[in-house]
Amino acid sequence: KLNENLTFDQQEIIIHYLYDLLKDLFYKECLFKDFEAAFLYEKSASILLDISKPNGHHFDAQRLHWLLRSLKDTRKLLAASWDVVSKKIVVYNQRGRIIKSVYQISESKISPQKRRQVEKLLRPLFDQIPEYPSH
C-alpha cells in the first residue's frame with residue numbers, strides 16, 4: 001500500500017519506477033498491471049522476486065531491505081507494516097527458498113556503501129516526488 005497522501009500521479013511515478021528497478025528480479029514474468037495491483041489492492045497477488053538472478057543493480061538481501069526501508073521508513077512512501085510488506089513482496093534465493101530475513105535486517109548490519117548505492121538508485125524517484133503532508 002502506498003501512502004494515502006500521495007496523489008494518483010505520484011503513485012503512478014513510484015510504481016513505474018519500482019517496476020523498472022525490480023523487473024530483472026521477477027521470479028517469473030510479472031506484467032505491469034499485476035505489479036501495480038500489489039500496491040493498490042489488498043487482495044492482489046504478491047510480487048515474487050529472486051535475488052539470485054543477475055541484475056544491474058546488484059541487489060542482495062541487504063540492498064533490497066534498504067530499498068524497502070527507504071521507501072517505508074525514511075520517505076514514508078510505503079504505508080504498511082513489515083509484516084504486510086513481506087506478504088506482498090516475497091523474496092527467493094538461489095535454492096528457491098523464501099528469504100524472510102530481508103525484512104528483519106538490522107540497519108547496523110548494512111554497510112554504508114550498500115546504503116549509499118541504494119540511495120543513489122532512489123534519488124531520481126525522490127526527486128520526482130516532492131515532499132507531501134504525512135497526515
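Residues take their numbers from the sequence shown, with the count starting at 1.
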Would you call the rings of Phe26 and Tyr19 parallel, tilted or perpendicular, where under 30° means parallel and over 60° means perpendicular? tilted
Could you tell me which non-hydrogen atom of Asp24 sits nearest to which non-hydrogen atom of Gly56, and how far apart they are? OD2-N, 4.2 Å
Treating Ile, Leu, Val, Met, Phe, Trp and Tyr as nodes and any side-chain heavy-atom pair under 4.5 angstrom as an edge, say whether Phe59 and Val90 lie in one connected cluster. no
For Ser44 versus Lys88, what's the shortest heavy-atom pair and its separation? OG-NZ, 2.6 Å
salt_bridge(Arg123, Asp127) N-O dist < 4.0 Å: no
Between atom CG of Leu77 and atom CD of Gln11, what is the distance when rounded to the nearest 0.5 Å? 10.0 Å
Leu2 side, atom CG; Ile15 side, atom CD1 - distance, nearest 0.5 Å: 5.0 Å
Spacing of CD belonging to Gln104 relative to CH2 belonging to Trp82, to within rounding of 0.5 Å: 10.0 Å
Using the rule that two of Ile, Leu, Val, Met, Phe, Trp, Tyr join whenever any of their side-chain heavy atoms come within less than 4.5 Å, decide whether Leu71 and Ile13 are in one cluster. yes
Testing Ile99, Asp60, Ile98 for side chain to side chain contact (heavy atoms under 4.5 Å, CB included) with Asn93, which one passes? Ile99
Any chain of hydrophobic side-chain contacts (each under 4.5 Å) joining Leu40 to Phe35? yes
Can you name the nearest heavy-atom pair linking Tyr92 to Gly96, along with the distance? CD2-O, 3.3 Å
4.5 Å side-chain heavy-atom contact, His57 and Leu121: yes
Any donor-acceptor N/O pair, Arg115 side chain to Trp66 backbone, under 3.5 Å: no
Exam field: side chain Asn55 to backbone Leu25, donor-acceptor pair closer than 3.5 Å: no
Could you tell me the separation between the CG atom of Leu21 and the CG atom of Leu64, rounded to the nearest 0.5 Å? 9.5 Å
Checking Lys23 side chain against Cys30 main chain: does a donor-acceptor pair fall under 3.5 Å? no
Does NZ in Lys100 sit with more than 12 non-hydrogen atoms of other residues, nucleotides or ligands closer than 6.0 Å? no
Matching residue for His65 among Arg69, Gln62, Arg63 - test: side chain to side chain contact (heavy atoms under 4.5 Å, CB included): Arg69
Quick check: are there more than 12 heavy atoms from other residues, nucleotides or ligands sitting under 6.0 Å from NZ of Lys114? yes
Could you state the interatomic distance from CD (Glu36) to NE2 (His16), rounded to the nearest 0.5 Å? 6.5 Å
Between Tyr17 and Phe126, is the gap from one ring center to the other below 6.0 Å? no
